[in-house]
Every structure is written in C-alpha cells, then in structure tokens.
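Chain identifiers are assigned alphabetically (A, B, ...) following the order of the sequence lines, protein sequences preceding nucleic acid strands; residue numbering begins at 1 within each chain.
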Protein chains: 2
Amino acid sequence: MADRSTRRRVGIGDVAARAGVSHATVSRVMNGNTTVNSAIAARVQAAAAELKYKPNPVGRSLALGKTETIGIVVPDLSNPTFQSILRDVSIAAARDGYRVLIADSSEVSSEEAILAGEARRRCDGVVLCAPRMSQDDLEELAPTLHPLVLINRTTEHSSTPSLVVDYGHGIQQLGAHLVELGHRRIAYLTGPERSASNVQRLRGLEKFVQDYPEVELQFIPGGNTYDAGNEASDAVASCGATGILVFNDVAAMGLLHGLSERGIRVPEDLSITGYDDMPFARYTMPGLTTAAVPITQLGSLAWRRMREHIKQADAESPTDHFEPHLEIRGSTAPPKA
Amino acid sequence: MADRSTRRRVGIGDVAARAGVSHATVSRVMNGNTTVNSAIAARVQAAAAELKYKPNPVGRSLALGKTETIGIVVPDLSNPTFQSILRDVSIAAARDGYRVLIADSSEVSSEEAILAGEARRRCDGVVLCAPRMSQDDLEELAPTLHPLVLINRTTEHSSTPSLVVDYGHGIQQLGAHLVELGHRRIAYLTGPERSASNVQRLRGLEKFVQDYPEVELQFIPGGNTYDAGNEASDAVASCGATGILVFNDVAAMGLLHGLSERGIRVPEDLSITGYDDMPFARYTMPGLTTAAVPITQLGSLAWRRMREHIKQADAESPTDHFEPHLEIRGSTAPPKA
DNA sequence: CGACTTTTGGGAAACGTTTTCTCAGGATGT
DNA sequence: ACATCCTGAGAAAACGTTTCCCAAAAGTCG
C-alpha cells in the first residue's frame, strides 16, 4: 500500500532523500529559514523543483495550527447581496494568501449555528451573515467562533467586530423622498418577518411617520425574492397607496414586473423604491430608485477586520457603520393629481 | 504552552481520559465502529457530549487522506453564470456532506492553473471553469488535477468528465429566430476574444450564415460585461443592422440601457438578443429574448460527476451536453419597414 | 474442564508537516 | 594550542486523528 513507486504524492521525505539532507532541512528551506547553508539550500531547491514538490497543506495546517482559510456563512447564495459580499471577501482574502470556504445555510436558520461551528473548525475564522438567527442564539454562538466577523448583526460581548448597514436610516431617506415628491399614502412591502434588517427598516419607518405625521403608512406582507414581490402585485395595486417602499431591489423588480403585466405604469401610476442598489437596479425600465448600500467596501473591510483578529486575538473590535445613500432613478415621480 | 487548563481545544485524548479508555476506542466510537461494547460506547458518548468534543477535521483529513472539500475555480464571481454554478455545486455537495472552497482567478488566465493546483492540494477534487485557458495548458494541467470536472471545456485524455453547453447551437437558434422575424442585416456583438464559449458561438454563426445565405452578418467587438455592452451602443446604433445578437445577457442589458439613453427603441427600432437567460433577463423592459442555458442542472450534475470520481477514480467520464433553448421575450420583433 | 474461536480494546504506527532540542564541527579570540 | 562561541543540520517531538496488529478476555464446543 505504501508503494512509493505507484501513484503516491511526493512528500518532504522524497525531497530530503534526493538532496541528501533531512526532512527538517527541507522544511527550513521551503519556509525561507535563513539558518541554512546556501549551497545546501540550492541543492534542496533543485531537488524540490525536479520532483515538483509542493508541501501538503493538510500536514502543514496540522503542524502550524492554522489553515489560511476562512469560512463564510450566508443564508442564500442566490441573493445578490451575499454574492457581492462573498466575492469581495474572497478577493480581499486572496490578496493576503487566504482562501474562502463557503457555507450556504439555505435560509434554514437552525443550520446556521452548526454550519458556522463546522466552518470554524476547518478555518482560521468565520464571517457570519445570519440575518434570521435569534439574538440569544447569536450571543451564545459568537464566543465559540472567534475570530469572528459579523455582518449586519452585533453582540453584547464586545470582542466581535461587526459591520452593520444602517437600514433604518436608508428607508427614512426613501420615505422622505416620496413625501417630497408629494406622496401622502405610502405602503411598505415588508421583508421576511424575522429578518434583522427588516426589523431595522420597520424601526426606521416608525421614526419616519413621527417626522411626517401627514403620511398614511400601511404594511403589505412581502418577502425578499422576485416571486414574493411579484405575488404582491395585486395587493399593492389595490391598496390605494401612491408610493411603495419595497424591502429590497429584488422584490421591487418582481413587483415592477407584476405591475407592468397588469398595465399599471411606473412611475406615472405608482412610484416604487427598492433597497440595496444591486448591480441590475439601474437596468430595469424605469431605473429603480433605491437606497444604495456601499456593499463593495463591506466585503473588503470584513476581511480587514478578520485579518486583524487572526493576527492578534485581542485586536480592537469596532462596529463599522455603513450609511446607505439615496439613488434616485426613474421609478419615482410625483403622484397623479 | 501546552497548558491544558488554558484555552486549548478539547481533543480525543481528553475524551479518552474522561471515559477511561484509549484514544483508539474513542475514535472507534466516534466513527460508529460497531466492534465496541455498547456500555463503553455509551460512556464515551457521554464524555464526548460533556466536553462538547468535536473531532478536529485537520487531523482527520491527514489520517484519512481526504478533506471532504472540493475546490471550484471560476474566472469571475461577479458573473451570474458562475455564481449560479457555484451555488448549485455548493448545495449539491453539502447534501453529501462536502464543502466548497472557492478560487476566483479574477479573469487572469495565468492564475487559473496555479489556483487550481493549490485548490486541488487542499481538496479532494476540483471543478474547473477556465474559459480562457489555452487548450495546451489545459491538456497539461488536467491530469495533475484528478478528480477533476470541467465546465465548458473538454480534454483529449478521456478520464475527465466534462459538462458542456452547446453555445453554437443556441446562437444559431437565436439567429434563425431573427431571420424568421424578417431581419436580414444582423450583427454579432462579440464576447471576449479568447473565450472558449465565444469561439463556439462564432462557429455556430458560420453555420448560420451557410444556412441563411441571404443574411448579411457583421461583427462588432464587445465583451462580457455591462460596460462592454453599454460602450458598444454607438457602434451598434450606427452599424446598419436591424437585429443584434449579443454575447450574453449581461452585455445585452448594458446595450439595452445604452440604446434607451440614445432614444433608440427596442424592439421597434432594433431587435436585441442575449444569451444565458440569467435570472434578471426577464425583468428588463422589454424582456430579453435569449437562449436559456439550463444552468441549474449543470451545477448539481457537476457535483454528481465529481462524487463518482472521488468514490472511484476510474469512474466513467461522459461528456454531458446541455442544449440551450430559445426564450422569446419582448426584445425582438420584426424590423421596421 | 480444556482447547479453540471470537470479541474487544489497547499500543503503536501512520498521515506530512514544523519546530525545538541537541550536538558536531568550524571559526574566533587569547 | 586551548577554551569558547557560533553556525548549521539532524533527531525527535508535536499537531490530532485513524487504523493495523495483537493480546487478553470471553464465549463455544466437545
């Protein structure tokens, strides 16, 4: 079985034998340890090159106690927001020689804790996007996961860096925008009920109605998918509002499509806003007025925080805030007289 | 340093000590080996549970020679096609207890081989999407990567399963669709020059002009991004063609937007087709006529092939073909008289 | 009740590295 | 010429598992 003439991977021992030195020396050379005679080093390099030796990362990880990999837990990889985060984290991490292991919890929040734990065991740290996890579960889980970076969540225990988007503020801006255009009857097409960012939007809307007592705000159950937005079309069409705040761009696009099929024109008959400013938001017709989340900075900053905590367990753990800004496009206009 | 009272992770040894048995027995219990007395097994289970013991996957991987992880190399995670593949592969693999490590080559084809090699060393197999890699490089690389599954590429050496979309056929269908609508002057807005799937489209177009000698086909340099499509707007507007075949949906959407800004109406003034049928293609206004690539089957089938080869190195290696089908929406119509 | 088989669990090797410890030998200083 | 320092490389331990090999215990059969 240990037949080395057959297809066994070339190991450090093979290089050592070929260069006529010990394992240890080969290891030293491969890791740029300078305490080795340059003539021998050259011989080892040559042997390694001839055999095309590459250190086995698993053995390396075991000895070093680190994998140079981080895990990222997302609720749904088909969601553009998480795709974007994943991509940016991955690129930022790659720049520092780290890789990313993905764990898609498929929106099953009970899986998130398990997946995160498994990921953590395989990786040097975890980036956790768990919008639905209860706060209690999060508080319990977080300490076991360090180094940990949270996206859009925070914990009591302050040693975990968080990156949070101020969803409440963004929705207020969108609401204010509609009011300025003259809308008084406004509806919010909600997101997933237990989503943390949906709750933030609801809080923002509470403030919004305080600031503008003249508006009449109603809530229509929605979701965070195209289909959810699309299926809400009838409810939206008959609700009497002239301006619709939709949970996110994806649902807004579903709604946009549904309305167009019903002959309702946007923005002439109804103003629609999205949320996120995902890449395609500008490509709808009309372009979607939305709150732009500066998602690009988010991924790379997440990695920066992660790196700091990997290097130094007690690094500072600030909560980074991201302010969405209004992106006004064609889907909003003054209401019909 | 090996101070076990401080924050060291609980290992198999701790469980063994607590249960009053040896490492070996704990390992047997954890792996469901039935040759262990049920009373002792229960004791071990209890000890493991009390200590919250979870086997260290790195040690496990080293002993077992497998990581239960596969790598996936993609040229660009912001491309919806690869996002989709990644997601589906990830979900399918997760169902069998495998994880996915991502490697984004950022469109740098010289990186692809290196990334793939590194991924392979860390994983039990690699799914490779390398549309730009030269055939020679691919032939040289492929044997070193097994188990390997190729997306949209094939190799001579027949032990590598491939999943290929017949891009040539799809573009012929799109062309035929335009001809049937009455278009005679048609342009192809090309993709990246060295992209394998672009080459396939070009081959398909050769056949297309043979089948329809009456059409006048011209080529306009484009790309695979929104911006590339958008920037080609002027060239497209002034080329005299009435129907435009665009490399993919993303570029088509960029073009659509650019044309709309210039006051050119689609499909009244110009018919546009995309390619891929990405999720948003139906949400543009007008909806994009496109060749739908059955991308969902692709990811899960890729995993199935991978699993077969992980289990059994000499498993069959078929080339799976995917036929795009025409998806006719609002962006195509008869040309102006 | 003894010989022979079967269970069962421990010891030790294996997986492929890195790193500490140790010591040989050359250089240096006096 | 001798003691001392330093350099550099090998031996061995460590990382955390799984699994092979064996011996002891237990069971079976005549």
Any base atoms under 4.0 Å from B:T35, or only sugar-phosphate, or nothing? Heavy atoms, all strands. sugar-phosphate
Within this structure, what is the CD1-to-C1' distance between B:I12 and D:dT18, rounded to whole angstrom? 8 Å
Between atom CG in B:N31 and atom P in D:dC20, what is the gap in whole Å? 12 Å
Think B:N56 has a side-chain N or O under 4.0 angstrom from the OP1 or OP2 of D:dC15? no
Measure CG/B:D14 against C1'/D:dC15 and give the value in whole Å, please. 14 Å
In terms of side-chain heavy atoms of B:R28, which of D:dT19, C:dG10, C:dT19 is nearest? C:dG10
Among D:dT19, C:dG9, C:dT18, the nucleotide that comes nearest once only the side chain of A:S27 is considered: C:dT18
Charged N to carboxylate O below 4.0 Å: is that the case for A:R305 and A:E308? yes
Can you tell me which nucleotide in C:dG9, D:dT18, C:dG16 comes closest to the side chain of A:L62? C:dG16
B:H309 vs B:S159, test: side-chain hydrogen bond (donor to acceptor under 3.5 Å, both in side chains). Steps then yes/no. CA-CA 9 Å; B:H309 275 71; B:S159 64; over 6 Å; no
Under a plain distance cut-off of 3.5 Å, with no hydrogens placed, do A:R60 and A:N31 share a side-chain donor-acceptor pair? yes
Of A:L101, A:I72, A:V100, A:V89, the one forming a side chain to side chain contact (heavy atoms under 4.5 Å, CB included) with B:I102 is A:V100
With a 4.0 Å heavy-atom cut-off, tell me which residues in residues 17-26 of chain A come close to DNA chain C, sorted by residue number. A:A24
Within a 6.0 Å radius of atom CD on A:E316, are there more than 12 heavy atoms belonging to other residues, nucleotides or ligands? no
Rounded to whole Å, how long is the line connecting atom CD1 of B:I40 with atom P of D:dA26? 11 Å
Between C1' on D:dT17 and CZ on B:R9, what's the gap in Å once rounded to a whole number? 13 Å
Which distance, rounded to the nearest 0.5 Å, do you find between the OG of A:S84 and the CG of B:L77? 10.5 Å
Whole angstroms only, please: what is the CG-C1' distance between A:L64 and C:dG16? 12 Å
In this structure, are over 12 heavy atoms from other groups packed under 6.0 Å from B:Q135 atom CD? yes
Rounded to whole angstroms, how far apart are CG on B:N37 and P on D:dG27? 10 Å
Spacing of A:K66 atom NZ relative to C:dT18 atom P, expressed in whole Å: 11 Å
Is the distance from OP1 or OP2 of C:dG16 to the nearest side-chain N or O of A:R60 less than 4.0 Å? no
